[in-house]
Amino acid sequence: EARMMAEEIGYPVMLKSTAGGGGIGMQRCDDAEQLNAAFTRVKRLAGNNFADDGVFLEKFIARARHIEVQIFGDGAGNVIALGERDCSAQRRNQKVLEETPAPGLSAAVRAELQVTAVRLARAVNYRSAGTVEYVYDDASQQFWFLEVNTRLQVEHGVTEMVYGVDLVRWMVELAQQTLPPIHTLSTEAQGHAIQVRLYAEDPAKQFQPSAGLLSHVQFPAEIDDATLRIDSSVETGMEVSPFYDPMLAKVIVHAANREVALHSMAQVLDATELYGIETNLLWLRHLCSLPEVQQGRIITATLGGVQWQPPTLDILSGGTLTTVQDAPGRVGYWHVGVPPSGPFDSRAFQLGNRLLNNDAQAAGLEITLRGPTLRFNQACSFVLTGAPIAAQLDQQPLTMHQIVTAQVGQTLTLGDVSEGCRSYLLLAGGLNTPRYLGSRSTF
């Protein structure tokens with residue numbers, strides 16, 4: 001039966017779980033052979049994840065956009081639509097960036113999306129908030145029904161910002177039977193809103209979830225030329241568990257137009273600081289700079305082709321007594337019980353930063369006994385200064401006090417420090433760690 005339907009629809013087709021979400025078990029099939037191979041696997045995944053192994057087929061759209069309409073109904077046949085959202089920026093079928101209104105749609109398509117959503121919801125006397133989702137073909141400028149999400153969605157905040165409403169309040173008032181008549185709630189769209197999802201995940205390791213202690217969390221309180229909304233409960237000192245969804249925050253900006261909203265989002269992300277675990281913060285900053293995002297040309301396949309590595313180091317071995325230091329360090333706090341800290345050999349440390357044209361206060365590593373083993377996730381220049389230390393880059397010996405450039409994936413192995421002093425590893429741009437009492441130095 002599935003093969004007959006696929007022939008009627010025309011390959012390629014998408015095989016999906018009827019009870020699924022988040023792209024779990026979703027499989028593209030380009031011919032009957034792939035459909036045969038995927039059918040049992042998708043049914044098994046659906047059964048394991050959703051206790052329902054039902055599947056369905058739909059036509060695959062090569063240049064697909066994910067467009068959805070926010071609806072609200074009173075259960076008595078009255079329904080309003082609050083514009084559409086573009087949720088095409090997806091990685092592995094998980095939404096990353098959402099915005100409203102959707103860029104690049106004609107007024108006719110925009111109106112038809114909403115009319116169709118309202119007609120569908122009225123037909124079933126839909127009650128409460130919901131989302132009617134569509135696949136939009138960017139090439140033919142046609143759209144097809146995808147599904148209805150009968151709940152409040154993660155991205156509802158961008159709709160609230162643009163339409164000046166509170167969907168959660170409406171849901172509560174509807175349940176209390178105190179909600180005003182639906183037709184009195186509809187408002188006109190004002191400006192443009194964009195949301196990004198901040199996740200506890202490691203872009204350097206195929207975006208695997210990252211758990212642990214958030215030792216520093218800071219979001220900006222406001223932003224120029226835009227309204228800022230941070231939906232989050234994370235704070236400094238919070239432990240991120242491995243047992244739940246890795247989303248840490250929804251960052252939403254609302255501005256007069258899309259250009260200002262994008263610029264403001266970039267400013268917010270630049271001013272956001274998260275430390276202690278790996279997150280997708282730097283990747284989101286990169287995402288906002290992509291031409292496809294800037295120009296509103298994202299399709300659901302766009303992010304799958306983005307090649308990017310974070311400017312980080314993987315610590316393969318921590319060594320013995322290696323600390324982060326900066327110059328002059330943390331001084332002037334003896335009176336409150338905080339001893340001075342900073343590099344033991346301040347001159348060698350500062351000379352290394354000067355060789356790299358770093359800021360004088362850029363942080364580096366001080367190595368006391370045995371150095372760490374580090375792998376570079378981005379190309380990076382570095383200098384070794386201070387006491388002589390056995391050092392190899394991919395097993396090639398290195399010379400002290402010389403600028404060396406490591407390529408992506410290369411491994412720096414630092415051995416024993418000789419002459420009983422300290423050695424230093426300075427990297428171009430320094431190490432990005434939080435300041436505490438004016439310094440990045442650690443004990």
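Because only heavy atoms are used, hydrogens play no part in the values below, and waters and symmetry mates are left out as well, while side chains stay in.
- Among all heavy-atom pairs drawn from P311 and L282, the shortest one is CD-CD1, 3.7 Å.
- R229 and E160 are joined by a salt bridge, as a carboxylate oxygen and a charged side-chain nitrogen come within less than 4.0 angstrom of each other.
- Contact annotation: the side chain of Q141 approaches that of Y136 to within less than 4.5 Å [non-hydrogen atoms, C-beta and beyond].
- No donor-acceptor pair closer than 3.5 Å links the side chain of R440 to the backbone N or O of D326.
- Checking side-chain atoms of S88 against main-chain N and O of T300 turns up no donor-acceptor pair under 3.5 Å.
- Note: W170 and F72 have perpendicular aromatic rings, judged against thresholds of 30 and 60 degrees for the angle between ring planes.
- Atoms CD and OG1, from E155 and T100 in turn, are 10.5 Å apart once rounded to the nearest 0.5 Å.
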One pair to check against side chain to side chain contact (heavy atoms under 4.5 Å, CB included): R85 and E98. What are the steps and the verdict? CA-CA 7 Å; R85 298 186 288 255; E98 299 107 333; 5.5 Å; no

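- Counting only N and O atoms by type, the side chains of E173 and T178 include no donor and acceptor under 3.5 Å apart.
- Looking only at atom types and distance, the side chain of Q309 has no donor-acceptor partner in the side chain of Q378 under 3.5 Å away.
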Go through E58 and L146 one step at a time and tell me if the side chain to side chain contact (heavy atoms under 4.5 Å, CB included) criterion holds. CA-CA 9 Å; E58 68 182 24; L146 181 62; 3.5 Å; yes

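- Under a 3.5 Å cut-off, the side chain of Q325 and the backbone N or O of A363 do not form any donor-acceptor pair.
- Within the 4.5 Å cutoff, the side chain of F219 has heavy atoms near those of the V234 side chain.
- Rounding to the nearest 0.5 Å gives a distance of 7.5 Å between CG of D314 and CD of E278.
- Interatomic distance, CG of D394 versus CD of Q396, reported as 8.0 Å (0.5 Å rounding).
- Atom CD of Q395 has 12 or fewer neighbouring heavy atoms from other residues, nucleotides or ligands inside a 6.0 Å radius.
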Which pairs of donor and acceptor atoms, one on a side chain in residues 30-37, lie under 3.5 Å apart (sequence neighbours left out)?
from : atom 1 : to  : atom 2 : distance (Å)
D30  : OD1    : R28 : NE     : 2.7
D30  : OD1    : R28 : NH2    : 3.2
D31  : OD1    : E33 : N      : 3.2
D31  : OD1    : Q34 : N      : 2.9
Q34  : OE1    : D30 : N      : 2.9
N36  : OD1    : R3  : NH1    : 2.8
N36  : ND2    : A32 : O      : 3.4

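- Between the T18 side chain and the G54 main chain, a donor and an acceptor come within less than 3.5 Å of each other.
- Side-chain N/O atoms of Q70 and H156 include no donor and acceptor closer than 3.5 Å.
- The shortest distance between side-chain heavy atoms of P103 and D86 falls below 4.5 Å.
- A donor-acceptor contact under 3.5 angstrom links the side chains of N377 and T312, judged on distance only.
- Below 30°, between 30° and 60°, or above 60°: for F376 and F382 the angle between ring planes is below 30°, a parallel geometry.
- Annotation: the span from L274 atom CG to N280 atom CG amounts to 9.0 Å, rounded to 0.5 Å.
- In plain terms, the two heavy atoms of Y163 and L82 that are nearest each other are CE1-O, 3.4 Å.
- Few gaps surround CZ on F145; more than 12 heavy atoms of other groups in view lie less than 6.0 Å from it.
- Taking 4.5 Å as the limit, some side-chain heavy atom of V158 sits within range of a side-chain heavy atom of I252.
- Surrounding CD of E188 are at most 12 heavy atoms belonging to other residues, nucleotides or ligands under 6.0 Å away.
- A distance of 10.0 Å separates CG in L97 from CZ in R197, rounded to the nearest 0.5 Å.
- Ion pairing between a basic and an acidic side chain is recognised when a charged N comes within 4.0 Å of a carboxylate O; R65 and D138 show such pairing.
- Between E201 and R91, at least one side-chain N (NZ, or NE/NH1/NH2) sits under 4.0 Å from a carboxylate O, which counts as a salt bridge.
- Side chains of L15 and L57 form a contact here, defined as non-hydrogen atoms less than 4.5 Å apart.
- Atom CG of L374 and atom CG of L393 lie 10.5 Å apart (nearest 0.5 Å).
- When all heavy atoms of K95 and Q90 are compared, the closest pair comes out as CA-CG, 4.0 Å.
- Using a 4.5 Å heavy-atom threshold, the side chains of V96 and Q94 count as separate.
- Applying the 6.0 Å contact sphere to CD of Q206 captures no more than 12 heavy atoms from other residues, nucleotides or ligands.
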Yes or no on side chain to side chain contact (heavy atoms under 4.5 Å, CB included) for V324 and L365, after CA distance, side-chain angles and deciding distance? CA-CA 5 Å; V324 176; L365 294 182; 3.9 Å; yes

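- Separation of the Y199 and F207 ring centroids does not fall under the 6.0 Å cut-off.
- In R435, the CZ atom is crowded: over 12 heavy atoms of neighbouring residues, nucleotides or ligands sit closer than 6.0 Å.
- No side-chain N or O of T302 forms a donor-acceptor pair with one of E292 less than 3.5 Å apart.
- In this structure, E1 and M4 have side chains that are not in contact, with every pair of non-hydrogen atoms separated by 4.5 Å or more.
- The side-chain contact (heavy atoms from CB on, under 4.5 Å) check on P242 picks up A211, with sequence neighbours excluded.
- Few gaps surround CZ on R151; more than 12 heavy atoms of other groups in view lie less than 6.0 Å from it.
- Nearest heavy-atom pair across G429 and N358 is N-OD1, 2.8 Å.
- Within a 6.0 Å radius of CG in L437, other residues, nucleotides and ligands contribute more than 12 heavy atoms.
- Heavy-atom minimum distance, Y134 versus A117: OH-N, 3.1 Å.
- Under the 3.5 Å distance criterion, the side-chain polar atoms of N353 are matched with a main-chain donor or acceptor of A362.
- A donor-acceptor pair under 3.5 Å is absent between the side-chain atoms of S186 and the main chain of H183, judged by distance alone.
- D202 places no side-chain N or O within donor-acceptor distance of the main-chain N or O of S210, the cut-off being under 3.5 Å.
- Between V217 and L248 the shortest side-chain heavy-atom distance does not fall below 4.5 Å.
- Applying the side chain to side chain donor-acceptor pair (under 3.5 Å) test to every pair with at least one member in residues 244-272, sequence neighbours left out, gives these pairs: E99-R258.
- Considering every non-hydrogen atom in both W144 and S140, the closest pair reads CH2-OG, 4.3 Å.
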Carefully, step by step, assess D74 and L179 under the rule side chain to side chain contact (heavy atoms under 4.5 Å, CB included). CA-CA 9 Å; D74 63 3; L179 186 72; 5.6 Å; no

